[in-house]
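As the structure is a computational prediction, the values presented were derived from the model and not from experiment. Worth knowing before you read on, the calculation uses all heavy atoms, side chains too, and leaves out hydrogens, waters and symmetry mates.
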Amino acid sequence: MEKLIRGIHKFQSDVFRAHEDLFRRLVGGQDPQALFIGCSDSRMVPDLICQADPGDLFVIRNAGNLVPPYTPGASCGEAATIEFAVRGLGVKDIIVCGHTRCGAMKAALNPDGLADMPRVRQWLTNADASNEIVLTQYAHLPEDARWQVMAQENVLVQLENLRTHPAVLVGLAHGDLRLHAWMYKLETGQVFAYDAESGQYAPLVRHADSGSMAPLTRNGTARRLAAAVYTPGGEE
């Protein structure tokens with residue numbers, strides 16, 4: 001707590017004062033550029049990764065960057081926040097961003113280990129489809145590779161769940177909304193975006209020393225995404 005309190009003092013004395021005009025403008029309202037749906041993992045900080053200013057991102061964070069499918073009459077904070085972002089704030093882009101070494105994805109692959117956390121186990125049922133894809137399509141991979149693939153597949157499944165939300169469906173039908181699947185690689189700080197045409201996650205920012213990614217393949221009958229951000233024997 002002492003570190004956090006020192007941080008508040010530093011924010012007020014150094015950051016707020018240096019950007020007081022920006023913060024004063026934000027008092028009048030917000031106009032975020034995108035809705036960012038990310039994991040609650042403390043290592044995953046959307047504003048830092050994107051170098052966003054206050055007011056740039058409208059953020060949903062939860063364990064596993066999950067988007068429960070829309071269910072009429074159900075109480076769901078994610079559904080209300082998505083609707084407000086699209087219809088209330090007029091965001092044009094929604095990003096679902098997973099990350100490597102995600103504890104929620106590891107737990108979703110092994111739900112029996114959550115006996116003492118029943119509410120976490122229930123929440124992670126929103127990743128059941130991702131889990132089934134991995135168990136049926138990636139059983140040949142070693143456990144650690146399946147874990148990393150799970151995070152990637154899960155982002156794509158959550159995009160499909162987004163499409164069940166009325167505000168998103170309408171926005172997509174009118175051409176007013178774009179959906180993005182991202183993966184953040186903890187080991188290198190890189191961000192990868194899924195390209196539907198190629199069926200691959202590719203670096204959003206390319207550098208001469210960024211290295212190549214393992215090719216992604218499809219088997220013709222089922223989605224077969226290779227571990228785009230997982231390199232056997234690579235960084236841990």
Side-chain angles (χ1 to χ4, degrees), residues 35-41 43-44 46 60-71 74 76-79 81-82 94-115 117-165 168-169 179-186 191-196 198-202 213-214 216-232:
L35 169 60
F36 190 107
I37 302 173
C39 186
S40 296
D41 193 300
R43 302 165 294 179
M44 176 73 188
I60 296 175
R61 296 182 67 178
N62 59 51
N65 42 270
L66 300 176
V67 180
Y70 175 73
T71 304
C76 179
E78 283 74 19
T81 305
I82 291 165
I94 301 179
I95 301 157
V96 178
C97 186
H99 65 94
T100 57
R101 327 305 294 181
C102 180
M105 293 299 96
K106 190 170 190 177
L109 281 169
N110 301 281
D112 290 342
L114 296 171
M117 291 185 279
R119 279 151 289 280
V120 174
R121 182 170 182 167
Q122 181 179 4
W123 170 250
L124 291 178
T125 59
N126 290 298
D128 280 355
S130 310
N131 194 6
E132 186 168 343
I133 290 169
V134 172
L135 292 177
T136 58
Q137 299 299 317
Y138 300 100
H140 62 286
L141 294 179
E143 183 178 356
D144 192 68
R146 290 200 304 271
W147 176 21
Q148 304 314 315
V149 169
M150 174 72 169
Q152 296 173 72
E153 285 283 8
N154 182 64
V155 170
L156 301 179
V157 169
Q158 302 317 308
L159 281 192
E160 294 305 310
N161 290 347
L162 265 173
R163 295 174 187 274
T164 68
H165 289 252
V168 174
L169 273 176
L179 304 183
H180 309 269
W182 287 6
M183 280 293 299
Y184 173 62
K185 189 172 182 179
L186 291 176
V191 177
F192 296 82
Y194 182 75
D195 174 54
S198 66
Q200 299 189 44
Y201 280 93
M213 302 301 295
L216 305 184
T217 61
R218 294 170 182 265
N219 65 4
T221 58
R223 184 167 60 220
R224 298 262 317 213
L225 297 179
V229 294
Y230 171 78
T231 305

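- A donor-acceptor distance shorter than 3.5 angstrom exists from the side chain of R43 to the backbone of R101, with no hydrogens or angles considered.
- Going from atom CD of E153 over to atom CG of N131 covers 11.0 Å, rounded to the nearest 0.5 Å.
- With contacts defined as side-chain heavy-atom distances shorter than 4.5 Å, the pair W123/N62 qualifies.
- Here the closest non-hydrogen pair linking G64 and N154 is O-ND2, 3.1 Å.
- By the 4.5 Å heavy-atom criterion applied to side chains, T100 and K185 are counted as neighbours.
- Heavy atoms only, all atoms of each residue included: R61 and P46 are closest at NH1-CD, 3.9 Å.
- Considering all non-hydrogen atoms of both residues, H165 and P69 come closest at NE2-C, 4.1 Å.
- Looking at D144 and K106, no side-chain N of the basic residue comes within less than 4.0 Å of a carboxylate O on the acidic one, giving no salt bridge.
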Verdict with reasoning, N126 to N161, per side chain to side chain contact (heavy atoms under 4.5 Å, CB included):
CA-CA 9 Å; N126 290 298; N161 290 347; 5.6 Å; no
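- Of the possible donor and acceptor atoms, none in the side chain of S130 sits under 3.5 Å from a partner among the backbone N and O of M150.
- Shown here for L66 and A127, the closest heavy-atom pair between the two residues is CD2-CB, 4.0 Å.
- To the nearest 0.5 Å, atom CD1 of residue I37 and atom CD of residue Q158 are 8.5 Å apart.
- Going from atom CG of L179 over to atom CG of L35 covers 10.0 Å, rounded to the nearest 0.5 Å.
- Summarising the geometry of Y201 relative to W182, their closest heavy-atom pair is CE2-C, 4.3 Å, with the distance given to 0.1 Å.
- How far CH2 of W147 is from CG of L109: 9.5 Å, rounded to the nearest 0.5 Å.
- Side-chain contact between R121 and D112 is present, with heavy atoms from C-beta onward closer than 4.5 Å.
- Of all heavy-atom pairs between V96 and N65, the closest is CG1-O, 4.0 Å.
- From Q148, atom CD reaches atom CD of E143 across 11.0 Å, with rounding to the nearest 0.5 Å.
- Rounding to the nearest 0.5 angstrom, the gap separating the SG atom in C39 from the CE atom in M44 is 7.5 Å.
- Contact annotation: the side chain of V155 never approaches that of Y194 to less than 4.5 Å [non-hydrogen atoms, C-beta and beyond].
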